[in-house]
Amino acid sequence: MNRESEQYRFARIEGYRMTLSRLEERFKDSAVNVEQMEVAVAEQLSKRTLCAPWRRSEAERAGCHEGMRLAAVQFLSQYRDAIRNLRLNLPV
């Protein structure tokens with residue numbers, strides 16, 4: 001694996017983990033609606049430059065941003081699935 005690909009991969013993993021932990025921490029003890037979650041995801045994605053300031057190359061920054069995006073979308077998707085499952089299991 002060449003160096004640039006390796007840098008991208010590590011930065012992507014790092015961006016994913018950082019974003020996922022921020023979102024989990026923000027919503028771990030509270031009931032939220034989907035709109036609040038979407039706002040939080042948008043806020044995380046707008047922090048592109050704050051992802052990992054020690055990542056300086058273009059490949060690293062791109063990987064970090066991709067990891068952030070993936071974590072945010074996945075987090076929101078899992079939250080929506082959980083809400084949908086709760087609604088399906090409740091008696092009507």
Side-chain angles (χ1 to χ4, degrees):
M1 183 180 294
N2 70 24
R3 179 149 171 79
E4 189 171 307
S5 295
E6 193 172 82
Q7 289 175 335
Y8 177 89
R9 187 172 65 89
F10 289 138
R12 183 174 177 227
I13 292 167
E14 189 173 51
Y16 179 88
R17 288 180 178 168
M18 289 169 56
T19 301
L20 189 60
S21 64
R22 283 183 193 135
L23 289 169
E24 287 173 345
E25 181 66 27
R26 182 169 178 175
F27 295 106
K28 72 177 181 178
D29 293 328
S30 62
V32 295
N33 61 32
V34 175
E35 290 81 24
Q36 288 174 319
M37 188 70 67
E38 288 172 347
V39 168
V41 166
E43 286 175 3
Q44 284 300 313
L45 293 177
S46 70
K47 294 181 179 179
R48 182 176 185 169
T49 58
L50 300 177
C51 174
W54 52 90
R55 298 287 182 186
R56 300 199 187 273
S57 76
E58 195 62 37
E60 287 176 316
R61 283 188 237 142
C64 190
H65 182 64
E66 179 64 21
M68 288 176 62
R69 188 194 64 76
L70 181 62
V73 168
Q74 198 170 39
F75 184 78
L76 184 58
S77 176
Q78 288 174 351
Y79 183 79
R80 284 182 175 156
D81 288 346
I83 295 292
R84 186 175 23 256
N85 290 340
L86 284 173
R87 287 182 181 155
L88 292 175
N89 291 329
L90 289 176
V92 178

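In what follows, every heavy atom counts, from backbone to side chain, and hydrogens, waters and symmetry copies are set aside. Owing to the predicted nature of the structure, the values given are computational and were not obtained by experimental measurement.
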ILVMFWY cluster, Y79 and L70 together (side-chain gap under 4.5 Å): yes
For R17, all residues meeting side chain to side chain contact (heavy atoms under 4.5 Å, CB included), sequence neighbours excluded: I13
Residues forming a side chain to side chain donor-acceptor pair (under 3.5 Å) with R12, sequence neighbours excluded: none
Counterpart residues, salt bridge (charged side-chain N to carboxylate O under 4.0 Å, His left out), relative to E4 (two or more places apart): none
All salt bridge (charged side-chain N to carboxylate O under 4.0 Å, His left out) counterparts of E66, not counting sequence neighbours: R69
From F75 atom CZ to R22 atom CZ, the distance as rounded to the nearest 0.5 Å: 13.5 Å
A72 versus L23, closest heavy-atom pair with distance: CA-CD1, 3.9 Å
Qualifying residues under salt bridge (charged side-chain N to carboxylate O under 4.0 Å, His left out), relative to E25, sequence neighbours excluded: K28
Any donor-acceptor N/O pair, T19 side chain to Y16 backbone, under 3.5 Å: no
Set of residues satisfying side chain to side chain contact (heavy atoms under 4.5 Å, CB included) with respect to Q7, sequence neighbours excluded: R3, S57, E60
Interatomic distance, C64 atom SG to M68 atom CE [nearest 0.5 angstrom]: 6.5 Å
